[in-house]
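Let me begin by presenting the structure, written as structure tokens, before commenting on it.
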There are 2 protein chains.
Amino acid sequence: MNRQRLLCADCKAPCLMKGINDLEAVKKVEEKKTVLVCSKNQKIFHEDMPVNSISFINSGIIKVYKTGINGKNHIIRFSRAGDILGHRGLNTEYYPVSASSIEDSSICLFPKDFFITFLGNHSRIAFKLLMFFSKELENSEIMQFNLAQMNVREKVAETLLYLNTTFGTDKNNRLNITLSRQDFSDYAGTTKEQVSKILSEFQSENLILLDKKDIIINELNELKKIASFGVHLS
Amino acid sequence: MNRQRLLCADCKAPCLMKGINDLEAVKKVEEKKTVLVCSKNQKIFHEDMPVNSISFINSGIIKVYKTGINGKNHIIRFSRAGDILGHRGLNTEYYPVSASSIEDSSICLFPKDFFITFLGNHSRIAFKLLMFFSKELENSEIMQFNLAQMNVREKVAETLLYLNTTFGTDKNNRLNITLSRQDFSDYAGTTKEQVSKILSEFQSENLILLDKKDIIINELNELKKIASFGVHLS
DNA sequence: ACTAAAGTATGATACTTGTCATATTTTAAT
DNA sequence: ATTAAAATATGACAAGTATCATACTTTAGT
């Protein structure tokens, strides 16, 4: 792991700290930072753990979820480079959700107290964060709507659209994220068997192509039609 | 309507502007305020309307919802005196949700531009707002979880708990809010018929009592048990 | 007080979805 | 390369839920 890459000043991830021209401040931020490098399937934090830091993802993909019964979790979002992590710990002593890596990842941690003080001294960043929260809330409310009103086929189509928008595809329309059926269903709001069935269905309709663990999107517009009445995440 | 009651300085609603000791600022806020008095079932704003103001509810109850198909909406929340309304318009040009009064209500509107400038000049209030958004996000994610994982009986129990916590009851345990079966189901994430059936079921189990449009909560603890595996809104 | 309209309750039915069982494929370790 | 373990696919079935039809109750307007 190249430690050099994780200096705030050179960081390529679009984290919230970005855009501070005050080099003095960047240096202070740098000093307070801890870098966590973790492999696939590591737990970053768990519900009811005390919140000590607010973090930004430097690389990798993290799932944020609530643990349900019988190992059936509900995944709130998949976060990637530049995304903030644990921000909901701002107003609570204990995490209300869990987070695990689904790929090898590196994460920059800032002590919560420092982060809050920093916000107090940088109102532009505080405002940026406020706008970010507002956007997050919008997405969450869209998720509510979709979970409440879509049938399984629509939910699976909508999840494909979400993954396509959030992680994109390579030049061959291959999704830049690989999920287990379980993770897919925990996000979509159904079961792993239903996801298997519907994805096979989509494949037989030539909307997608299943290649090992990868998914290739053939007919984005058709998928959009299927999830058409839903509101889409952005 | 007593216009006097709606002076910011005397306002009893716990709105976000509260707690500013700077009387000069309060006066400025006062000047920018428009008061909207509306009767039951009035639309306050609708999806895709341009956002001109951020508001606080002075009295009454407002439902905030997304319109779905066949008149089946999804209600995001019921807001009451002191709650902020249209705050999601902070980062968007157009409202992502609709809002309607379900009781006679009065609402204080502040121009969006003024509100944003005001936040810039009062970082403590901006921070309060940030914490509020964080809390809202938490509640929304809990809703996601419940919509994804609860069965109908659990959803109905959970909705009763939500109404009980949010609006409370009078001394006879009569809920301080009256909803149509349709609104109830639009919040719970099911149909009006299912709500009728489950509420009847709860009544026959002596957990609640249905009295005209009112609901009397007899066994709060039993309802909590039914929704036990769910995470509860606070 | 009467009447029409709206809202609610409830049973029957059909459809959707989750669960279970099993076969097949993929992955990872030796 | 071989084998065991894990993940996935798929069909059969059961359970849960939505829809529809209809009766009943409540509300609001005359």
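In what follows, chains carry the letters A, B, and so on, assigned in the order in which the sequence lines appear, proteins first and then strands, with residues in each chain numbered from 1.
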Check: Taking atom P of D/dT8 as reference, at what distance in whole Å does atom CG of A/D214 sit?
Finding: 12 Å
Notebook entry, point to check: Whole-Å distance between D/dG16 P and B/E154 CD?
Noted result: 11 Å
Next item on the list: May I ask you to decide whether A/E222 forms a salt bridge with A/K225, counting only side-chain N to carboxylate O separations under 4.0 Å?
Entry: yes
Next item on the list: Can you tell me the distance, in whole Å, between the CD1 atom of A/I102 and the C1' atom of D/dA7?
Entry: 16 Å
Note to self: Checking A/Q144 against B/S140: is there a side-chain donor and acceptor pair closer than 3.5 Å?
What the structure shows: yes
Margin query: Expressed as a whole number of angstroms, how long is the span from A/D186:CG to C/dG18:P?
Written below: 12 Å
Next item on the list: Assign the ring pair B/Y187 / B/Y162 to parallel, tilted or perpendicular, where the plane angle (0 to 90°) is split at 30° and 60°.
Entry: parallel
Next item on the list: Just grab all the salt bridge (charged side-chain N to carboxylate O under 4.0 Å, His left out) pairs involving residues 191-206 of chain B, residues at least two apart or on different chains.
Entry: B/R153-B/E201, B/R153-B/E205
Next item on the list: Using a cut-off of strictly less than 4.0 Å, decide whether B/T190 has a side-chain nitrogen or oxygen near OP1 or OP2 of D/dT17.
Entry: no
Margin query: In this structure, how many angstroms lie between the P atom of D/dC24 and the CZ atom of B/R181, rounded?
Written below: 19 Å
Margin query: Please compare B/K213 and A/K213 by the position of their nearest nucleotide in DNA chain C and report the one closer to 5'.
Written below: B/K213
Next item on the list: Identify whether the distance between the nearest side-chain nitrogen and carboxylate oxygen of A/R80 and A/E103 falls below 4.0 Å.
Entry: no
Next item on the list: Measure from CG on B/N41 to P on D/dT27 and round the result to the nearest Å.
Entry: 15 Å
Check: In terms of the nearest nucleotide of DNA chain C, which residue is placed more toward the 5' end: A/K155 or B/K212?
Finding: B/K212
Margin query: I need the A/L16 CG to A/H87 NE2 distance, nearest 0.5 Å.
Written below: 9.5 Å
Margin query: Assess whether a salt bridge exists between A/K63 and A/D186, defined as any Lys/Arg side-chain N lying under 4.0 Å from an Asp/Glu carboxylate O.
Written below: no
Item checked: Euclidean distance, atom CE of residue A/M150 to atom P of C/dT16 [Å, nearest integer] -> 16 Å
Notebook entry, point to check: Listed in order of residue number, which residues of residues 192-202 of chain A have a non-hydrogen atom at under 4.0 Å from DNA chain D?
Noted result: A/E193, A/S196, A/K197, A/S200
Item checked: For atom CG of A/D183 and atom P of D/dA6, their distance in whole Å -> 17 Å
